[in-house]
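Contents: one structure, followed by commentary.
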Amino acid sequence: MFKKTHVLLTLVLLLVFSLAGNVLPGQHKAAAKEKHNKTLVMGTSADYAPYEYIDTAKGNKIIGFDIDVARHIADKLGYNLEIKDMDFNGLVPALDAKRVDFVMAGMTPNAERKQKVDFSDTYYKAKQLIVTDDPKIKKIEDLKGKAIGVQLGSIQEKEAKKIADKVDNVSIEKRNKVPDLVQEIMSKRFNAAVIEDGVAIEYLNKNPDLSSFVIPGSASAGSAVAFQKGSGLTEKFNKEIASMKKNGELDQYAKKWFEPKTEKKAEKKSIVDFSTIMPSIPYILKGILTTLKFVVVSILLGFVLGTILALFKISKVKVLRWGADAYTSIFRGTPLILQLLIIYNATPQLTGYKIEPFLAGVLTFGLNSAAYVSEIIRAGINGVDKGQREASMALGVSYGSMMRQIILPQALKNILPALMNEFITLTKESAIIAVIGTTDIMRRAQIVGADTYRYFEPLITAGIIYYLMVMTLTVLGRMLERRMSRGD
Amino acid sequence: MIKIENLHKTFGKNEVLKGISTEIAQGEVVAVIGPSGSGKSTFLRCINMLEEPTEGKVWFKDQEVTTQASKIQQVRKKIGMVFQHFHLFPHMTVLENLAYAPVTVNKTPKREAEAAARELLKRVGLEDKEGEYPGRLSGGQKQRVAIARALAMNPEVMLFDEPTSALDPEMVKEVLDVMKSLAQSGMTMAIVTHEMGFAKEVADRVLFLDDGILVEDAKPAEFFAQPKSERAQAFLEKVL
């Protein structure tokens, strides 16, 4: 048994590292065509069609205007291009932490960002549109008393504030992603949203109910490439951008991606229609593997660590008891998502180690789950008849053997339902790792939503998958319970 | 074999043992009797340090067990204990219950330990139960398994803490029979019990405890015929 624990621990660690090594989600290496021997890593947020998005019906490749331009420039400069997909809000921190060499994400240079990063010259100038489903909103003044949505931390947020300064009673609602904004309009929570023209076009094409107008005076600063402060790349990129502007290559790319398709305003779709996302369902299903790996490793880590903590809690050594209690108190007393973001973002800043999303996620969930598991196990140990301890002691059995072979097996039997419950919670909560860009089921559902402009269907698909996973766990738990109760 | 000197034990403000001194010789069977709350069980549990004495000393052979907490495991290996509520390991079969400590503590090869366990089961008349889990045994069977489990470590002394108190009346005899044959085999035994008939028949000595004090220490024939103290007289009047 002692050895088994060791093997288990080794297995967990191996799994963590091997997974961290090969399931780096959102990383798309152009392995087949490593043309150059140097590589540039580009950070982007692939849910901003047509700048960058994933054509989920065809696979998991990130495509879009920015990608084309980046490839063109990288190729000219003699680099291969590697693309890392992450949350838009994580892009500047990623540059900071040197996770990526540059960022192209339809990003507009503003004063705030300029303090942290350098920008190239703008390679594309967009206009800001008001997108709305209310036919009565035709000019800025019509927004009086309305709720307008913007992407958090975006240039549109600034634009919305300007509107709020001019028009009375405008409330600004922030969301992490543009698709969320459109969804909120559809759900009637927002009356309008500020969206860039290039991005808005697809939504306007696919949703006959939406209309739009340009915000007067919203001379956009345009999109530019972001670099680390003092990066040598800035100048090189500027040169290429200038030459692409001159020879019309940039216009060609813009035409390819930004021109409205004329297929157009077809019939109004029914409220729920799975046909649109059918081709993308395999893409969501692939997330099962990521989620499963994530959940399994997190559960193992949490269980092993939780057991150790539980033993600390019942130990006679005061420091151990105190430490374990403090640990539990901290991990139970703060939000999981906060722990995740701290581990993911603070690790590179504090240690220089660029922790990968998967590893950061597994660590957070493992550490967090350990706090809960330790309480469950502690209660389980206390629930075992004191006589078991005395009988073991009277036989001369050592503390370690007694715990492993007498007390814990009995405790586990009693707490199995509670443990199963914790594992089920962890499985569901794992959807949170989507925020750091791990392409699990949840993130894939969001990406499909962004790609197909349908939200309900991918989310329902994800929901069904999660439900089936949880049911499987429940059934497994029942089987285990039955097996363990053979002695009764 | 066992020497106890001025043993005190206090739980909070409650002094349960108030200075007990006695000896148990090799091969001796000692019955510890007395009213409930007199400290009989605590006295027994101090011998293998399941309770830590507040004051006083306990020797096992030439080794003082009260000072050497680190070596207590070595001593406990040689002192078997049987509890009122059996405390069998519910997640192990009868055979596993018996072989567990020899394999884990003494590093006896599993096959050897199991062979010895089967012999012991035969001795307590339960050879057909080796594959059962404790949950499926009767109280009497459980206690016989518990005795066999303690014997599996080849102890030099056996402590019995009210071994028949939790049993249905019809099962008391089967357990007492096992204990009787064990006493006849020359095992050193200390038995906390309410079975006066058994004490009378099997014990070499009777220790009568009351209120944490060793009131009488006598041969059973003497004790049961003419108890010296008033307290013992009163006690015997109630139970006999």
Side-chain angles (χ1 to χ4, degrees), chain A residues 1-6 307 310-311 314-318 376-377 379-420 477-488, chain B residues 41 44-45 47-52 69-94 96-107 131-137 142 145-146 149-155 157-161 166:
Chain A
M1 193 79 179
F2 189 59
K3 276 181 194 144
K4 262 190 234 162
T5 327
H6 271 262
T307 309
L311 291 177
I314 58 162
S315 129
K316 283 187 187 138
V317 186
K318 210 174 172 183
I376 295 172
I377 293 182
I381 291 175
N382 288 342
V384 174
D385 179 17
K386 243 182 78 192
Q388 293 293 312
R389 202 185 185 107
E390 292 185 345
S392 312
M393 278 159 65
L395 286 164
V397 179
S398 67
Y399 178 83
S401 300
M402 173 183 82
M403 274 300 161
R404 279 193 304 276
Q405 289 145 15
I406 306 293
I407 307 294
L408 283 178
Q410 295 183 52
L412 280 185
K413 195 179 109 187
N414 295 337
I415 60 179
L416 200 67
L419 271 183
M420 249 15 233
R478 294 241 173 87
M479 279 165 58
L480 204 61
E481 245 173 272
R482 222 172 295 146
R483 250 203 69 181
M484 287 182 93
S485 63
R486 64 194 165 168
D488 297 341
Chain B
S41 285
L44 198 72
R45 290 157 61 84
I47 296 177
N48 67 349
M49 296 277 286
L50 282 187
E51 301 294 352
E52 214 172 308
S70 55
K71 289 200 180 144
I72 189 64
Q73 269 172 35
Q74 297 303 315
V75 174
R76 282 177 182 153
K77 278 178 7 184
K78 297 276 126 203
I79 305 178
M81 185 153 190
V82 175
F83 300 88
Q84 179 181 359
H85 294 285
F86 334 122
H87 301 331
L88 293 177
F89 305 134
H91 58 305
M92 295 181 182
T93 62
V94 166
E96 286 166 347
N97 262 281
L98 264 64
Y100 172 71
V103 170
T104 314
V105 181
N106 290 345
K107 308 289 175 221
E132 289 289 6
Y133 284 93
R136 307 183 65 129
L137 300 179
K142 281 184 196 167
V145 172
R149 179 178 66 176
L151 289 174
M153 288 295 282
N154 289 317
V157 181
M158 285 284 282
L159 308 178
F160 292 84
D161 188 1

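Note that the structure is a prediction, hence the values are computed from the model and not measured.
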- Residue B:F86 versus chain A: region with a heavy atom under 4.5 Å: neither
- Task: Look up atom CE in B:M81 and atom CG in A:L395, then write down how far apart they are to the nearest 0.5 Å.
- Result: 11.0 Å
- Message: Quick check for you: to the nearest 0.5 Å, what is the distance between B:H87 atom NE2 and A:K386 atom NZ?
- Response: 9.0 Å
- Should A:M393 and B:I72 count as side-chain neighbours, where that means a heavy-atom distance under 4.5 Å? no
- Which atoms form the tightest heavy-atom contact between B:T104 and A:Q405, and what is the distance? CG2-OE1, 3.7 Å
- Minimum heavy-atom distance B:P90-A:Q410, with the two atoms named: CG-OE1, 3.2 Å
- Note on the structure: Okay, B:L88 and chain A: the region with an atom under 4.5 Å from a heavy atom over there is backbone
- Go through the atoms of B:F83 and report whether side chain, backbone, both or neither lie under 4.5 Å from a heavy atom of chain A. side chain
- Query: Is the shortest heavy-atom distance from the side chain of A:P409 to the side chain of B:M92 under 4.5 Å?
  - Reply: no
- Over all atoms of both residues, closest heavy-atom pair of B:F89 and A:Q388: CD2-OE1, 3.0 Å
- Residue part contacting chain A, namely of B:R149, when any heavy atom lies under 4.5 Å: both
- Item | Most chain A-contacting option - heavy-atom pairs closer than 4.5 Å, from B:V105, B:V75, B:N48 | B:V105
- Message: Which atoms of A:E390 are under 4.5 Å from chain B, going by heavy atoms: the side chain, the backbone, both sets, or neither?
- Response: both
